Each structure stands twice: as structure tokens, then as C-alpha cells.
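Below: one structure, written as C-alpha cells.
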Amino acid sequence: MDERLFRDVIGRFASGVTVISTRSGGTDLGTTASAVSSLSMEPPMLLICMNRSSETGQAIAAEKRFVVNILGEDQAEIAQRFAVKGKDKFTGITIERGDSQLPRIAQALAHLECSVAETAEGGTHLVFLSLVEHARAREGTPLTYYRGQFGRFEETAQEAAYRSLRQRVLNRDLGAGEALDVDQLADELDLERPRVQYALIKLNADGLVERDPDAGWVVTPLEERRAKEAVEVRCMIQTAVAEQVAGNLREPQLAELRAHASAAIDAAARQPLDLEALRIAGRNFHEAFISLAENATLLDVYRRLRIDAIWLRMARGRYARPDYLRTLTDAIETGDVPGAAAALRRHADEVIQMLGETLEDAGGPV
Ligand SMILES: Cc1cc2nc3c(=O)[nH]c(=O)nc-3n(C[C@H](O)[C@H](O)[C@H](O)COP(=O)(O)O)c2cc1C
């Protein structure tokens, strides 16, 4: 096989881009890598292929631990920086450290912290078959790599249909309970029916539309009682989590909560206000907070409340101040359960009051 031909042909396999990072002898190391693959679900495993000449690869062979940092579409510069040899690749890059002290690139789209289970050899490379021990992602779209070039994901027609319909629901161009005629929408959006169906299924997962036995797809109304109940249930779940974990968190867990709280507070302080960043940072905080209970059912119940949908339908410049996330984190750190419960209660009351105002302004369900 001719090497150049192989390179050209395999280059047509589009991939994401990661920085593999590790720490050895008190020094952080990292390299850009696209030879990363999911390997097994039970147990969760992935593999990475590292050139024997890579210093990062050599450190992983010795330490048996590393982090896969999946880069977002605006991080090509980071990919370039870690694709060269050198000692100071991390200068100016914000890093976080988990329990293991391995460096994670704070702005990455996702992190997977791994321990090497087995090492195989293939040509010039070492293949690390590894167990995934910790994984976390944020919202966003990935940086891609194809035929030697960095790129980004192009939105497909059905993704565009989803965004367009979502915007119509959020702008209230489509009213509460309004039936959505798939044929009519397909005509209006100049799309085939299955693409519109796809958009509706995604909107259903967001909690914005639902299936009515008589009317078919309808816009889910933002109803005061249902929304209030969801906010109350979240408050109860989080109060229970606070009771369980207050005073018992390790520094990396607190650091994660603080990072999400700061992201939310920064988004609220931005001019103009960045509501989307605020929503995502808030959601990341709540998911991280509830995950502290290490109870998958509780997290599932929280997700099914679709608080995000309430937030989205209410928003339009009306939002609860995110400072309480910091108050809550401080209370959790010091083991102040009543303080944490009070912060959660105040926030729930604020949201419920805003809900009432939203529906009053609109003169009924929206
Ligand atoms: C998009 C891209 C993907 C890469 N993928 C890998 C890879 O999967 N494995 C690898 O060993 N090197 C890969 N490299 C090359 C390394 O990043 C490069 O050799 C780096 O200088 C190694 O640095 P180190 O010796 O400090 O670890 C890739 C480079 C780029 C630009």
C-alpha cells in the first residue's frame, strides 16, 4: 500500500478533534489527537492512538491516566497549539483539575477522564485501551477535521427546520395549544414531511410541543399549575441533595459548581444580556448539583421536569438573578443546610412570581 494514497483515502474519514492531556512529574502535557474512538459501553471504554514519538504518549504509557478534551468549533487555535512539540502549550489556557490533578481544558466541549486498561502496539503508534472514569459535556458544536483541514458541522435541513420551529414557538408566533399541521409546516418551510416530523420530535424532547390524542402535535402550553409544580419539585429535590452533601464535598466538586455559577453570573452581567448562555450555565449547574447525590433516578426525574422549557417560554428578558447559585455553593461548602434550603426556596419563589407575571402579561397560557 502506498502511504500517500492511504493518507489521502483515510483523510476522507471525518473526525472530531481532541487534546489529550496528562500530568507527569508535576508537568502538564498535551497533544492534539483525532485518533480517538469509543470502544465499549459496558464498561465505558475508549481508545486513543499515540505516536511513540509523542511526549504526551510516553507520559501516558508511564502514568496510565489521561483526559480527552473534545474541542468546540471555535477552538482550532488550541488544536494548532497542541499539535506542535513544546513545553509551554498550556500557557494562557484556563485549566481545571479533577481529583486526579490531571489538567482539563476548561473551555472544551467535553472531558473524559480515563485510566489505561491495556496497551497495544500498531506500527508507529501505541494504542491505549482505556476505562472512562468521569465524563462531562457542555452544550455546543464540535471542531471537525477532514482531509487535513479544520472545519465545523454544517446544519442539515432538518436541523434548520428544528431551529426555525423552535423560534416560532419561543416568539409565540405559534400559540399555546395550537395544533401544528405537518403538511402545512412542510409547505411553509419548503421541506419534506419526515424532516418536519424530526423537528417536532426534537421539540417534544425540549418540552415545547406534545402529542394530543385528538389534535395531533400541539404547542405545549405554559400552564401556571404545571410549571409551579415543576419548580416546587426541583426545589424539593435540590433541598434533599443539599441535606445529603452539605459539608461533605471535595474541592473538585465545589470547583465545578463554582465554575457553572460564575458562568451564569457572567452571562447575566454581559451587555447585551446573554440569555442563552445564562440558560445553559444554569442548567449545567443544576445537573452538576443533582448529580452529587449519585442517584441516576433523581437526575432523570429532574430532567423530566423540563425546567428548561419553562425558562425558555418565560424568558424574553425576564429571568431570575443567578447570584443565588454562589450563595448556595457557599452554604454547601460550609455545611450550612438551612442556608442552602433558604437560597433554594427564595429562588423557587422568585421563579413562581415571574411565572405569574408572564401569564398575566400574556392574558392567559402562552
Ligand atoms: C488534527 C490533528 C490530529 C492529530 N492526531 C494525532 C493522533 O491521533 N495521535 C498522535 O500521536 N498525534 C496526532 N497528531 C499529531 C500531534 O498532535 C503532534 O505530533 C504533537 O506535536 C505531539 O506533541 P507531543 O510530543 O508534545 O505529545 C495530530 C495532529 C493534528 C493537527
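Keep in mind it's a predicted model, so treat the numbers as computed, not measured. For ligands, and for the atoms within them, numbers begin at 1 and follow the listed sequence. In this chain, numbering begins with 1 at the start of the sequence shown.
- Test Q197, R193, R168 against L185 for side-chain contact (heavy atoms from CB on, under 4.5 Å) and you get one pass: R168.
- In this structure, I280 shares a hydrophobic cluster with no other residue, the cluster being traced through Ile, Leu, Val, Met, Phe, Trp and Tyr side chains under 4.5 angstrom apart.
- Partner of S21 under the side-chain hydrogen bond (donor to acceptor under 3.5 Å, both in side chains) criterion, out of D28, N69, T56, T31: N69 alone.
- Listed as neighbours of ligand 1 are T31, T32, A33, S34, A35, C49, M50, N51, S54, E55, T56, F82, A83, V84, K85, K89, H125, Y145, F150, each bearing a heavy atom under 4.0 Å from the ligand.
- Ring pair F82/F90 is perpendicular by interplanar angle, where above 60° counts as perpendicular and below 30° as parallel.
- The list of ring pair (Phe, Tyr, Trp, His ring centres under 6.0 Å) pairs with a residue in residues 245-276, not counting sequence neighbours, is empty.
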Residues 106-119, side-chain donor-acceptor partners within the protein, below 3.5 Å, at least two apart:
| residue | atom | partner | partner atom | Å |
| --- | --- | --- | --- | --- |
| H111 | NE2 | I105 | O | 2.7 |
| E113 | OE2 | S100 | OG | 2.4 |
| S115 | OG | E133 | OE2 | 2.9 |

